[in-house]
Amino acid sequence: MELSKNYIPTEVETKWYSHWVEQGYFHSTPNDKPAYTVVIPPPNVTGVLHMGHCLNNTIQDILVRRARMQGFNPCWVPGTDHASIATEAKVVAMLRERGIAKSSLSREKFLEYAWEWKEKYGGIILQQLRKMGCSLDWERTSFTMDPDYYQTVIGVFVDLYKKGKIYRGKRMINWDVRAKTALSDEEVIYKEVNGKIYELKYRLDLPGEEYISIATVRPETILGDSAICVHPDDKRYTHLVGQFAFVPLINRRIPIIADEYVEMDFGTGALKVTPAHDMNDFQLGQKYNLEIIDTMNDDGTLSEAATRYIGEDRIEVRKKIVQDLEVAGNVVSIKDYTHQVGFSERTDAIVEPRLSLQWWVDMKQLAAPALEAVMTDEINFHPAKFKNLYRHWMENIKDWCISRQLWWGHRIPAWYDNEGNVFVAESLEKVYENYPETKGKNLHQDNDCLDTWFSSWLWPFEVFKGLSNPNNAEVNYYYPTSTLVTAPEIIFFWVARMIMAGEEYMGKIPFKDVYFTGIVRDKQGRKMSKSLGNSPDLLGLIDQYGADAVRFGIMIASPAGNDLLFDESTLEQGRNFNNKLWNATKLLKMWEARQNKEGSIPEDAQFAMDWFQAKLNATQNTVDELLKQFKLSEALKVLYALVWDDFCSWYLEWIKPGFEQPMHAAVYEKTVTFYDSLLQLLHPFMPFITEEIHHTLKTQTEDLCVKAYTSFGEVDESVLKAGQLLQNVISTLRDARNKNQIKPKDAIELHIQTENNKPYQTIQNILAKQINASAIQYTQGSVASSIVVALEKDKFYIVANQAIDTAGLKVNLLKDLAHQQGFLASVEKKLSNEKFVQNAKPDVLAIEQKKKADALARIQTIEESLAQL
RNA sequence: GGGGGCAUAGCUCAGUUGGUUUAGAGCAUCUGCCUUACAAGCAGAGGGUCCGCGGUUCGAACCCGUGUGCCCCCA
């Protein structure tokens with residue numbers, strides 16, 4: 001079979017992904033094996049694959065594929081989140097394109113469009129995950145608005161309400177006066193606006209005509225003022241704290257209070273407090289128990305509470321009130337002022353902060369066990385540094401506002417009568433059943449939906465119908481899940497709340513380990529985002545480099561919890577690595593055709609095999625340890641070096657037969673076995689190419705995807721050491737060749753001066769091949785007209801057809817000597833320090849003494865070499 | 001404003017309870033090679049005030065304090 005010059009991923013990837021799915025390797029059902037469960041952090045149903053998903057899902061796939069090969073029964077559940085805000089925005093935009101306004105539609109009609117959109121465009125991301133090779137159990141694909149799931153969410157709301165953990169309360173929200181809806185923070189766009197700042201004076205309730213001045217950019221809101229606030233340290237106003245002032249035009253008497261919130265340098269240092277129309281003022285109002293005067297209707301016109309300008313738009317009122325204030329003599333100054341103003345992403349209307357009645361979850365009790373689970377390491381965070389962050393948040397937890405003024409989502413199961421009484425139950429029928437007083441009354445359901453996170457906090461058990469079908473066989477088998485892989489920015493939104501829901505509804509934590517990935521940034525360190533346009537097209541990258549290369553590139557530079565500066569050059573590195581694997585395969589296929597079954601295994605080949613076996617065992621150990629600690633990127637680096645350096649650069653060269661010479665069959669077989677082990681270790685990281693080569697190397701009865709790992713053997717330390725020595729000698733002699741400008745093609749003669757020939761004799765053939773030596777001899781003394789190199793206690797004399805650069809040699813030796821002497825001095829300084837000798841542990845002392853002896857021996861060798869020059 | 005994190009080679013990062021050959025790797029750079037798997041390659045080399053300052057210790061990249069710079073989350 002003729003193999004292509006370079007590895008071509010496209011066809012290979014499609015072929016193996018469908019094969020794996022057809023074989024059912026990714027589908028899991030409960031069995032005798034231990035479960036390894038991962039639930040995907042459900043991407044928005046509107047989502048398309050970006051670098052964050054790529055990182056996140058590659059990590060999950062690595063964990064899941066490894067578990068599969070370790071004999072677990074892995075189950076990785078895919079699915080999507082209904083993402084109320086994002087999806088509703090998409091649907092509204094689609095309708096707008098068709099010339100339909102959301103406000104012209106009934107709720108039912110709108111939802112019809114929304115479902116239509118979801119069926120047509122939703123979940124593209126799940127297709128894209130297949131491209132990446134993710135071994136998800138597609139038969140379990142879930143959606144947070146699946147019928148069962150929907151009912152469960154509603155049930156949880158009712159349950160928490162009955163337990164007294166859900167209540168209604170007022171809150172400041174961003175209000176879009178045009179759409180007459182609340183906006184989430186994400187939907188508010190801040191723009192710089194050239195406006196005016198008005199300094200207004202309020203008459204004090206004191207004898208005489210005394211005033212206090214405040215600065216505001218929103219003069220129309222003075223009608224809702226409840227106080228004036230100054231800084232307690234502000235000497236200008238100390239005498240006024242506790243006094244009263246009158247709101248201009250309407251002459252309402254308001255107190256003057258003091259709080260450190262006020263910035264003394266800003267404006268006049270006195271702040272008007274309007275709790276109903278400013279976020280910060282609202283908090284001040286709560287703190288000092290101020291009156292809340294809501295002067296605005298939901299369409300942005302002034303309400304009766306304003307007492308003037310009723311029914312007029314707040315923007316018009318601003319112009320009018322300024323004129324009226326000027327007439328009344330309350331305007332001190334009007335200056336140009338540039339400031340940030342929030343606009344609605346949807347309607348471009350100026351957003352007004354407004355008070356509104358919302359639904360809340362009381363978090364105190366829910367948080368306690370969830371905090372404990374993490375602090376006692378029942379749940380382990382990787383890296384552990386996120387524990388602090390988590391603890392701080394959980395100890396200062398605030399109640400959770402769960403209502404959203406949207407239609408797409410789980411509609412709040414609360415009904416109101418005309419008097420405004422609230423009745424909570426799973427359905428209208430249940431309301432009539434449970435609340436006899438509602439009999440015959442006309443009830444209407446709350447218009448709002450629940451926060452998306454109020455459904456996703458149930459994800460780890462509800463994907464197994466843990467709540468809709470309690471104690472079923474699947475949830476008992478798969479829950480708690482094993483590892484959650486997610487981004488640190490949603491530690492509070494999602495991770496903390498899943499732990500709470502798990503404890504509350506399953507009585508068990510939802511997962512044992514949480515792996516926090518970093519944030520993917522661009523080269524300049526900016527977070528990747530759609531608005532910046534700095535997020536590369538992932539599918540394009542997969543087409544260009546192959547999925548394995550993309551997985552490699554994103555993993556090689558992403559230590560747990562550290563941000564990842566994405567640079568396409570790592571994908572190139574990944575592609576080159578694929579190619580390296582491919583070329584090694586080509587070499588092996590060439591040797592396969594040239595085997596020699598006679599005779600015994602050559603001594604040097606035997607040495608090479610023993611050495612690589614030891615190296616493989618040792619590395620397997622290391623990788624295992626690293627993965628246990630979730631150091632995935634480290635593990636990949638170790639494997640990369642094992643394949644590229646140890647296997648390709650050293651081992652394959654060591655066993656390589658002479659030109660067109662055959663290879664001993666036993667050596668070939670062993671080498672194929674080694675290579676297959678490497679592929680197996682690499683498979684979780686780069687599934688496609690490893691499966692392909694696994695089958696290219698020889699006819700396999702088993703796919704690599706499901707091939708179980710074998711336990712690794714003992715590590716022969718002495719053979720590792722011998723290999724290390726060989727490598728050192730080769731590198732040193734190659735360096736000497738280079739420095740003396742001996743052409744690669746020119747053979748040299750090597751003379752070794754050593755006390756013990758034995759170690760060199762075993763590796764002599766390999767050594768000769770690797771440094772292009774025509775002969776290797778042993779000598780007791782110096783060799784005339786040769787290049788001398790010192791290593792450890794031994795000396796090497798190179799005889800070549802080449803003028804010897806004695807001066808250059810001398811420079812190198814002197815450099816080495818200086819280094820050794822400096823080192824020796826530092827060691828001796830330590831050893832001559834009495835306190836060190838007294839206090840240091842015995843083994844530390846022994847190491848220092850050995851360092852000293854080694855350095856002395858080496859200095860002697862170098863000095864002798866110098867003398868011979 | 002509150003909280004958290006980071007700072008080691010040009011870049012991205014390791015560095016295990018303070019002692020492991022006067023700090024390691026990959027990428028990039030430089031030099032020499034089209035050597036019979038691979039130039040998307042091979043061989044070799046150079047490159048560091050471990051952010052500044054102070055302290056603890058026989059000994060600090062590591063522990064403590066402080067300053068500076070950058071980042072994230074919440075309001």
Side-chain angles (χ1 to χ4, degrees), chain A residues 3 5-7 185 260-261 263 279-280 283 383 385-386 388-393 396 398 488-493 518-519 521 523 525-527 545 549 556-559 561-567 569-570 572-591 625 629 631 633-634 636-638 640-641 644-645 648-649 652-653 656-661 730-732 734-739 741-745 770-772 819-827 829-830 833-841 843-845 847-848 850-852 854-855 858:
Chain A
L3 297 182
K5 184 177 184 311
N6 289 331
Y7 174 64
D185 294 343
E260 280 161 1
Y261 165 73
E263 281 178 57
M279 301 269 180
N280 295 311
Q283 282 176 0
K385 67 181 179 188
F386 288 110
N388 276 340
L389 188 70
Y390 180 83
R391 188 185 60 209
H392 187 267
W393 192 76
N396 297 284
K398 302 214 172 71
E489 65 249 43
I490 55 173
I491 185 169
F492 308 127
F493 287 133
I519 295 165
R521 302 172 175 286
K523 261 185 178 169
R526 300 174 306 176
K527 197 167 163 174
Y545 295 99
I556 197 76
S558 82
N562 271 15
D563 288 358
L564 155 81
L565 266 71
F566 178 74
D567 184 342
S569 71
T570 60
E572 226 169 282
Q573 196 188 342
R575 181 200 56 191
N576 294 354
F577 187 38
N578 278 334
N579 224 23
K580 188 72 182 177
L581 291 165
W582 190 244
N583 280 307
T585 311
K586 274 158 61 183
L587 180 64
L588 261 62
K589 292 313 276 184
M590 204 178 86
W591 289 344
E625 272 309 307
Q629 297 167 46
K631 294 184 175 175
S633 143
E634 284 293 296
L636 180 56
K637 279 181 192 173
V638 167
Y640 176 76
W644 199 303
D645 301 336
C648 293
S649 295
L652 291 180
E653 295 299 330
K656 188 181 264 181
F659 184 54
E660 293 196 340
Q661 293 298 302
I730 292 169
S731 294
T732 307
R734 278 173 174 170
D735 184 31
R737 288 186 60 122
N738 255 346
K739 290 213 169 100
Q741 296 176 332
I742 300 172
K743 294 242 159 60
K745 276 181 181 164
Q770 292 274 276
I771 61 168
N772 191 14
H819 180 266
Q820 293 300 335
Q821 281 168 338
F823 177 67
L824 179 66
S826 80
V827 176
K829 192 177 154 199
K830 250 189 211 177
N833 183 333
E834 268 180 46
K835 286 188 174 169
F836 169 73
V837 180
Q838 277 165 21
N839 294 327
K841 288 180 214 144
D843 46 331
V844 172
L845 200 61
I847 287 168
E848 292 301 318
K850 181 167 188 312
K851 280 189 201 170
K852 184 180 169 180
D854 287 355
R858 219 168 312 165

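Scope of the values below: all heavy atoms of this structure, side chains included, with no hydrogens, waters or symmetry mates. Numbers restart at 1 for each chain; the letters A, B, ... are given by sequence-line order, proteins then strands.
When each of B:rG4, B:rA43, B:rC73 is scored by its nearest atom to the side-chain atoms of A:F492, the top-ranked nucleotide is B:rC73. If you check B:rG26, B:rG5, B:rU12 against the side chain of A:Q573, the one that comes closest is B:rG26. When the nucleotides B:rU20, B:rG26, B:rG41 are ranked by their closest atom to the side chain of A:K851, B:rU20 comes out on top. Listed candidates were B:rC27, B:rU22, B:rA37. Nearest to the side chain of A:S569 is B:rC27. Each of B:rC58, B:rC38, B:rA43 was ranked by its minimum atom distance to the side chain of A:N738; first place goes to B:rA43. In the set B:rC73, B:rU21, B:rA37, B:rA37 carries the atom at the smallest distance from any side-chain atom of A:A584. With B:rA45, B:rG41, B:rC38 as the choices, the nucleotide that has an atom nearest any side-chain atom of A:D735 turns out to be B:rA45. When each of B:rA37, B:rG4, B:rG19 is scored by its nearest atom to the side-chain atoms of A:C648, the top-ranked nucleotide is B:rA37. Side-chain proximity of A:Y640 to B:rG26, B:rG3, B:rG19: nearest is B:rG26. Listed nucleotides B:rA43, B:rA37, B:rC27 differ in distance to A:K656; the shortest reach to its side chain belongs to B:rA37.
Using a 4.5 Å heavy-atom threshold, the side chains of A:K830 and A:V827 count as separate. By the 4.5 Å heavy-atom criterion applied to side chains, A:D854 and A:K850 are counted as neighbours.
In this entry the distance linking CG of A:N576 with C1' of B:rC42 reads 14 Å, nearest Å.
For B:rA40, the base has a donor-acceptor partner in the side chain of A:R575 [N/O atoms by modelled type, under 3.5 angstrom]. With hydrogens and angles ignored, a donor-acceptor pair closer than 3.5 Å exists between the side chain of A:E653 and the base of B:rA37.
At least one side-chain nitrogen or oxygen of A:K631 sits closer than 4.0 Å to the OP1 or OP2 atom of B:rG15. Within the structure, a side-chain polar atom (N or O) of A:W644 is placed less than 4.0 Å from OP1 or OP2 of B:rC42. Of the side-chain N and O atoms in A:N396, none sit less than 4.0 angstrom from OP1 or OP2 of B:rG3. Here A:N833 does not reach the OP1 or OP2 of B:rG59: none of its side-chain N or O atoms lies under 4.0 Å away.
The base-pairing partner of B:rC27, taking Watson-Crick or G-U wobble contacts with both distances under 3.5 Å, is B:rG10. Across all strands shown, nothing is found opposite B:rU57 as a Watson-Crick or G-U wobble partner with both distances under 3.5 Å.
Among the protein residues, A:K580 comes within range of the nucleic acid bases, having at least one heavy atom under 4.0 Å from a base atom.
Applying the 6.0 Å contact sphere to CD of A:Q741 captures no more than 12 heavy atoms from other residues, nucleotides or ligands.
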